[in-house]
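Presented below is the structure to which this report refers.
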Protein chains: 2
Amino acid sequence: MNKKKLTRYGSIILNLISENDVFLSAQEIYLKMRELSYPVGLATIYRQLQVLLDNHLIDAIKSESGEVIYKQCKKTSHHHHVICIKCGKSQEILEPEIELWTRRVAKKLGYLPMNHTIEIFGHCQQCQTP
Amino acid sequence: MNKKKLTRYGSIILNLISENDVFLSAQEIYLKMRELSYPVGLATIYRQLQVLLDNHLIDAIKSESGEVIYKQCKKTSHHHHVICIKCGKSQEILEPEIELWTRRVAKKLGYLPMNHTIEIFGHCQQCQTP
DNA sequence: GTTACTGCAAAAACTTTGCATTATT
DNA sequence: AATAATGCAAAGTTTTTGCAGTAAC
């Protein structure tokens, strides 16, 4: 058994993430925790985020700028996201056909696909009308 | 005019990249340049890679581990890649349908799509048979 | 002789790690 | 008391920036 358990701060972080509709970076979570007066260190944030990931309680993707951002998704199975580049709000993409597409394309080129990243960035409905 | 020009090292970097079939990171390019006895600094590598990108002479994507990697692509228009996670070899994906798919999916969710990333990671033909 | 490029060092930003201290059981 | 979690500081990585020196035109 390689899995570490959720700790006090782990649950608090999970709550914080699950209340939010946007992807948050570890740094943002750290700041929010400090705002909420939890005397938590950044290292703990990173360590507990890893535990949450290992237990599939949250999802992580890479932002456009390259940092890892976290969110709790409704779908438990593999999926992708549309992310607003203005407000950060994201929605899950529920299109199984794309999984077949990646497999088909990879195989056509002689590759055995193991993994893929698909992210769509744009403006959400609210952020389109200023 | 905001574009900087290609310099002596820029051309050498472009040659190095165009001779390679795999995506290279700035750090790898730096090492290869030093191996070839060019007394070039890492900062210059980064600065000239940016110039090469601005002039669309090379393409860049993010690797699985998050660092930016560079390659000269045959296709000049927007496209995606399958990348071997063992040897690094990549192939360009020539499927216009996926562009329509991302637009359609984003719009269905109320988003105005601006940008997207699609990368497939796996094992290439040679790396499948050890 | 100006202008632009480069090297070096320093800094910035994100993340990981080591270790002494503190909390949990 | 033993075990595990935490905070802090330090270090690791990738990338950017400032500036003095050098090359290019």
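Note on naming: letters A, B, ... go to the chains in the order of the sequence lines (proteins, then strands), and numbering restarts at 1 for each one.
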Under 3.5 Å, is there a donor-acceptor pair linking the side chains of Gln72(B) and Asp59(B)? no
Is it true that the side chains of Gln27(A) and Tyr46(A) contain a donor and an acceptor less than 3.5 Å apart? yes
What I want to find out is whether Glu97(A) reaches Arg104(A) closely enough, with some N-O distance under 4.0 Å, to be called a salt bridge. no
Under 3.5 Å: donor-acceptor pair, side chain of Gln50(B), backbone of Arg47(B): no
Crowded around Lys62(A) NZ? As in, over 12 foreign heavy atoms under 6.0 Å? yes
Is there a side-chain contact between Ile83(B) and Phe121(B), using heavy atoms and a 4.5 Å cut-off? yes
I'd like to know whether Lys71(A) forms a side-chain contact (heavy atoms from CB on, under 4.5 Å) with Leu24(A), so could you lay out the CA-CA distance, the side-chain angles of the two residues, the decisive distance to 0.1 Å, and finally the verdict. CA-CA 7 Å; Lys71(A) 181 166 182 282; Leu24(A) 296 173; over 6 Å; no
Can you give me the N/O atom pairs linking the protein to nucleotides 10-17 of chain C at distances under 3.5 Å, or say none if there are none?
unit_1	atom_1	unit_2	atom_2	d
dC14(C)	OP1	Glu67(A)	OE1	3.4
dT15(C)	OP1	Val68(A)	N	3.0
dT15(C)	OP2	Tyr46(A)	OH	2.5
dT15(C)	O5'	Tyr46(A)	OH	3.2

Here the distance between atom C1' of dG7(C) and atom CD1 of Ile13(B), to the nearest Å, is 13 Å
Between His80(A) and His116(B), does the ring centroid distance fall short of 6.0 Å? no
Positional range of nucleotides in DNA chain D within the contact set of chain B, heavy-atom, under 4.0 Å: dT14(D) to dA24(D)
Considering just the side-chain nitrogens and oxygens of Tyr9(A), establish if one lies under 4.0 Å of OP1 or OP2 belonging to dA23(C). no
Between Leu6(A) and Arg8(B), whichever has its closest DNA chain D nucleotide further toward 5' is Leu6(A)
